Amino acid sequence: MSSNPHIGPWRTPAQGHLTTDANGDLKTDYSRWRLVDEEGRQTWRYLESDVENQEWPQSVADKYHLGMPTGLPELPEAKTPLKAAENGLSFFSHLQLEPGNWACEYGGPMFLLPGILITYYVTNTPIPPEYATEIKRYLFARQHPEDGGWGLHIEGHSSVFGTCMNYVALRLVGVSEEDPRMIKARGLLHKFGGAIYGPHWAKFWLSILGVMEWEGVNPVPPEIWLLPDWVPFAPWRWWIHMRQVFLPMSWLWSKQWSHPLDDLTRQLREELYTQPYSSVDFAAHRNSIHEADNYYPKTWLLNAANEVLVRVWNPYLRHPSIVKRAEEWTWELIRMEDENTKYAGLGPVNNPMNMVACFIHDGPDSYSVRQHRERLNDYMWVKDEGMLANGTNGVQVWDTAFITQAIVVAGFADEPKWRPMLTKALEFLDDHQLRENVPDQEKCYRQHRKGAWPFSTKDQGYTVSDCTAEGLRSTLQLQEMHGFPKLISEQRLKDAVDCLLLMQNPSGGFSEYEITRASPKVEWLNAAEVFGGIMISYDHPECTTASVTALSLFSKFYPKYRADEIRAAKQKAVGHIKHVQRADGSWYGSWGICFTYAALFALESLASVGETYETSPDSRRGCDFLLEKQQADGGWGESYLSSSTHQYVQHEKSQVCQTAWSLLALMEAGYPHKEPLERGIKLLMSRQQRNGEWLQEAIEGVFNQSCMISYPNYKFYWPIRALGLYSKKFGNAELV
Ligand SMILES: CC(C)=CCC[C@@H](C)[C@H]1CC[C@@]2(C)C3=C(CC[C@]12C)[C@@]1(C)CC[C@H](O)C(C)(C)[C@@H]1CC3
């Protein structure tokens, strides 16, 4: 048995009511799961008690998210686009949750769950048995059947990162190394050369777990946080996600802390390498990386810096007093991040790392560790395949803003039937607008956030430019255009505008979380290997265009407020949008797949400043690009490979989401010819089920060019919006 006192309960499957799935793996009783939504904080609860289970019936949303039959009725056949939109909305309305938001799975990346499980393990946090049971199922469901491995994300090729981390994850939730699927995975890992060929983050986590030596990990010195602010590559200038991951990572690296060896980790040490652990020369493998993982090779500059750190700085110059100062300062920043996010963290990578740091610094049963322990649940999600880790603590504000807009654009906002739903959505937006800046904003390098909307919830509390723009737009649509109660005061709308205006870069473009703080040359220090374009905040077409569209709408209702500044900001932003339009008329989308997604935002924003197909050659080129890509069945479909190759790659099958995006882009641009649009609309209608829903197709979103992420609610609100807008523009004749 393991010496970890908590390994016992980990290995015990959920008590009672277990069945087995098609693979013969244990499965919990899905009728006992409930999604709890407390002011947008979403967690899954498993009801052990029969009485509780009876008294608290499963909602339609619970059933839907769990992949169980919802029992929702067949609807009258939709022969017209508007009826199809209405049927879609009718289905989707059942998924709204009590606080007014919509929830969804937010999976895709395959490197999040292992970090969380390693954190549970090394902090002696017992993992609920029902979690363990479902995590096993999920990871096996996502194992590539051909080679037994896992990739960076669910659609990606097997890599050392994916395979090694998920193999470890499965071992931590109690799967035997003799399971044939584990034998296969291990075989692949060994073929890759073993865990020493993993990227930096894998090596870091394995060292924390105590199954790799710290000499094998490239240095992450906290001393870099002592650099004066004016230094062009000082960490406060990095992209927020890198900065906040690098922060606890550097503190932990400095401590060179590892979980004490126990039976399980002793075994793992023998399973992860192709030779006995004691004979591995870890230091010699600091830079080893398999080509399957080497998406973005380290530059010569970074390699040189690492050599200096390892050979000169660490052995000779790293004075204990500097180390102490660096550790104290990084600890202070870790603490501030925890307090500013109520321990929810920026995301599912830095949050578990912060928890490990708290465990070491504050002690195993400290307040901070207990808070983190609770908060990790916010990242977990259950679906038909089992339990996974979401990419954020939810998609609450983002989805709620867009469903609101879809209803408005489709022309349903004044129908009494939908007003209670919209009122609740507005209440949610009201509740989650950020009302104050974080305390000591400058000290912890945070961007102004008063007036902003976050992507998920106010607890997470990070401003995002396009989330602010979409929140503002939805609020204006409801409050100003459709007579909803003015829950969000004029002053708060102005706060949102103030916040947006502070987010514009000198280029005219907008990044997501912060203005750009450093030169793109800092990318030379990108140590992650698996992600590209991660070191600084870049301009993104979506963020830029969404800001323009929202500012345009705001000025319609408040023409006097900061009029000159808004005009100037928009003009500069539009200049930027035109500057990044490619010769073929397209835009590269950073956060959705890919050119169709960016076209939607770009063409809409151009239209918001009066540039349409008829009046603007740029808008026309954007439309022509899309028209060229329409598939024979009338739909659009773009492969996720567009994002990594930066070239449009057709999906073998047209996709509901990309069809809706393209149609909306064309219609917003005022493309005048009905024929291609009608074919697209027919495709959307043909994919709709009789109960109004659309089924899940290929993955929709992306980040860092290489990693895909799911937006399951896109398949609802984008088609609803496209169908509704079509009927507004071209009438509502029967199409089937
Ligand atoms: C490499 C690391 C740290 C991985 C953790 C995952 C995060 C970096 C990802 C997960 C979700 C993610 C893609 C997200 C975004 C940034 C990067 C995130 C947070 C933003 C906020 C960028 C702006 C976008 O328009 C949009 C609002 C859609 C997304 C939302 C999710």
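It should be emphasised that the depicted structure is a prediction, and the values quoted were computed from it without experimental measurement. For ligands, and for the atoms within them, numbers begin at 1 and follow the listed sequence. Along the sequence shown, residues are numbered consecutively beginning with 1.
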What about D466: any of its N or O atoms under 3.5 Å from an N or O on ligand 1?
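D466 vs ligand 1: N/O contact under 3.5 Å present.
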
Below 4.0 angstrom, N of the basic side chain to O of the carboxylate: do K715 and E700 qualify?
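No.
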
Name the closest protein heavy atom to [atom], giving the residue it belongs to and the distance to 0.1 Å.
{"atom": "atom 15 (C) of ligand 1", "value": "Y513 OH, 3.9 Å"}
{"atom": "atom 17 (C) of ligand 1", "value": "W591 CZ3, 3.8 Å"}
{"atom": "atom 11 (C) of ligand 1", "value": "Y106 OH, 3.4 Å"}
{"atom": "atom 19 (C) of ligand 1", "value": "H241 NE2, 3.1 Å"}

Would you mind listing which atoms of ligand 1 come within a distance below 4.0 Å of any non-hydrogen atom of E512?
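Listed by number with element, the hits are 22 (C), 23 (C).
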
Tell me yes or no: between the side chains of H448 and D498, is some donor less than 3.5 Å from an acceptor?
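No, because no side-chain N or O of H448 sits under 3.5 Å from a partner of the opposite role on D498.
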
Please identify each residue that fulfils ring pair (Phe, Tyr, Trp, His ring centres under 6.0 Å) with Y513, with sequence neighbours left out.
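Testing Y513 for ring pair (Phe, Tyr, Trp, His ring centres under 6.0 Å), a comparison that skips the adjacent residues, returns H241.
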
Anything under 30° is parallel, anything over 60° is perpendicular, the rest tilted; go ahead and classify F402 against W718.
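Because their plane-to-plane angle lies in the 30° to 60° range, the rings of F402 and W718 count as tilted.
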
Which of the listed options, G701, S706, G391, G115, holds the heavy atom that is closest to atom 10 (C) of ligand 1?
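It is G391 whose heavy atom sits nearest to atom 10 (C) of ligand 1.
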
May I ask you to check if R373 and F359 form a cation-pi contact, with NZ or CZ under 6.0 angstrom from the six-membered ring centre and within 45° of the axis?
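The answer is no; the distance or angle limit is not met.
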
